[in-house]
Number of protein chains: 2
Amino acid sequence: MVNNHSYDLDAVFHALSDPTRRAMVRQLAEHERTVSDLASPYDMSLAAASKHIRVLERAKLIERTVRGRTHICKLNPKGLSRVHKWLSYYERFWTQKLDALETLLAEEDNKKK
Amino acid sequence: MVNNHSYDLDAVFHALSDPTRRAMVRQLAEHERTVSDLASPYDMSLAAASKHIRVLERAKLIERTVRGRTHICKLNPKGLSRVHKWLSYYERFWTQKLDALETLLAEEDNKKK
DNA sequence: ATTATATTCAACCACATGGTTAACAATCAC
DNA sequence: GTGATTGTTAACCATGTGGTTGAATATAAT
């Protein structure tokens with residue numbers, strides 16, 4: 001039965017399901033960028049990029065500051081931390097399951113030395 | 001552009017963008033369940049639930065074992081670890097700690113490719 | 001052999017998504 | 001003011017998504 005703020009996660013995960021949007025997030029992790037900055041690497045219209053940015057904004061993954069005619073976008077850490085929180089529930093589970101694999105990798109590493 | 005294995009993440013994030021599917025993942029974190037088990041909490045046809053399960057499967061978030069006429073689904077830890085790996089790049093935004101396990105997982109993932 | 005159970009598949013539908021182009025709005029530079 | 005720059009909005013299109021129902025498949029039970 002779905003949890004309390006699942007509607008948020010819907011938007012967050014949906015936003016992140018597109019490679020263009022993930023790449024934009026990555027760019028914003030370096031520093032703030034304008035809409036055209038974000039759009040420039042992609043072979044698509046500015047309107048299309050603008051839509052992507054709006055999806056990220058609606059998911060609260062980024063924030064926008066309008067200064068003059070330029071819109072400056074920056075990452076909103078809280079957006080991604082929502083994913084982290086969601087994931088943390090499962091983290092124990094899969095870290096446990098991968099324990100054996102870690103050991104294997106460690107052994108392999110020791111052999112190299 | 002994006003990165004190499006983005007297509008994986010497309011599927012993973014898309015799969016997780018639906019509340020029904022996230023709830024299914026949550027159920028599977030407890031223990032394995034059959035398709036009807038997974039479907040039963042929801043007010044939708046079995047066929048619809050079956051589709052959801054297939055989306056999770058294609059994203060490699062779960063695995064299926066057919067035994068007789070029942071299909072037993074279990075969580076695939078590696079699926080979620082992909083999300084964690086992706087997320088770990090951004091973790092510095094809300095925490096300073098760097099988990100050693102992340103590094104191990106990253107290495108494991110690199111070796112596979 | 002018949003019937004019930006577990007699940008998928010195929011066809012269909014309404015709506016969402018990601019892209020386009022063209023028009024609009026606001027700001028800056030001259 | 002005129003014109004260029006930055007960005008959004010609107011209308012449109014092809015494809016994808018999540019749901020339905022009904023038929024098909026495979027196995028289990030009697």
Side-chain angles (χ1 to χ4, degrees), chain A residues 1-2 6-28 31-75, chain B residues 1-2 6-28 31-75:
Chain A
M1 176 89 319
V2 184
S6 73
Y7 54 92
D8 276 344
L9 283 174
D10 286 12
V12 171
F13 280 122
H14 167 67
L16 294 176
S17 73
D18 183 278
T20 299
R21 289 193 290 260
R22 282 199 307 281
M24 285 176 166
V25 166
R26 190 99 178 194
Q27 291 301 302
L28 291 173
H31 51 72
E32 306 181 341
R33 286 171 202 268
T34 69
V35 168
S36 342
D37 284 347
L38 284 171
S40 64
Y42 309 106
D43 186 21
M44 66 176 66
S45 68
L46 189 63
S50 175
K51 277 187 181 180
H52 280 303
I53 291 167
R54 201 159 62 96
V55 170
L56 290 169
E57 202 180 6
R58 288 246 171 107
K60 292 175 180 145
L61 284 166
I62 70 173
E63 281 167 359
R64 180 194 307 245
T65 314
V66 179
R67 218 168 81 192
R69 63 186 160 176
T70 73
H71 297 205
I72 298 166
C73 303
K74 69 171 184 186
L75 202 63
Chain B
M1 288 269 77
V2 183
S6 73
Y7 56 90
D8 276 345
L9 284 172
D10 286 12
V12 171
F13 280 122
H14 167 68
L16 294 176
S17 73
D18 183 278
T20 299
R21 289 192 292 261
R22 282 199 308 279
M24 284 175 166
V25 166
R26 191 103 179 191
Q27 291 301 301
L28 291 173
H31 50 73
E32 307 181 341
R33 287 171 201 269
T34 69
V35 168
S36 343
D37 284 347
L38 285 172
S40 63
Y42 309 105
D43 185 22
M44 66 176 66
S45 68
L46 190 62
S50 175
K51 278 187 182 181
H52 280 303
I53 291 167
R54 206 161 76 88
V55 170
L56 290 168
E57 200 180 8
R58 278 194 306 138
K60 292 175 180 143
L61 283 165
I62 70 173
E63 280 167 1
R64 180 194 308 245
T65 313
V66 178
R67 215 173 125 187
R69 63 186 160 175
T70 73
H71 296 204
I72 299 166
C73 303
K74 68 172 181 185
L75 202 60

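Residue numbering restarts at 1 for every chain, and letters A, B, ... go by the order of the sequence lines.
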### Task
Mind calculating the distance between NE2 (B/H71) and C1' (D/dA28) to the nearest angstrom?
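Nearest whole value for this atom pair: 14 Å.
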### Query
CZ of B/R54 versus P of C/dC9: gap in Å, rounded?
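Those two atoms, CZ and P, are 6 Å apart.
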### Query
With no hydrogens and no angle check, is any side-chain donor or acceptor of B/R33 less than 3.5 Å from a backbone partner on B/L38?
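No, because the side chain of B/R33 does not come within donor-acceptor range (under 3.5 Å) of the backbone of B/L38.
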### Base versus backbone protein contacts along nucleotides 12-25 of chain D [heavy-atom cut-off under 4.0 Å; B, S, -]
-----SSBBB----
### Query
Between the side-chain atoms of A/R69 and the base atoms of C/dT27, is any donor-acceptor pair under 3.5 Å?
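Present.
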### Query
Quick one: side chain to side chain contact (heavy atoms under 4.5 Å, CB included) partners of B/R58, sequence neighbours excluded?
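Result, side chain to side chain contact (heavy atoms under 4.5 Å, CB included) vs B/R58: B/R54, B/V55.
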### Task
Output all residues satisfying side chain to side chain contact (heavy atoms under 4.5 Å, CB included) with B/A39, sequence neighbours left out; order by chain, then residue number.
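B/A39: side chain to side chain contact (heavy atoms under 4.5 Å, CB included) contacts with B/L46, B/A49.
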### Query
Atom CD of B/E32 and atom CG of B/D37: how far apart are they, to the nearest 0.5 Å?
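B/E32 CD to B/D37 CG: 11.0 Å, rounded to 0.5 Å.
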### Distance in Å, A/T20 OG1 paired with A/I53 CD1, rounded so as to fall on 0.5 Å steps
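Answer for the OG1-CD1 pair, A/T20 versus A/I53, is 11.0 Å.
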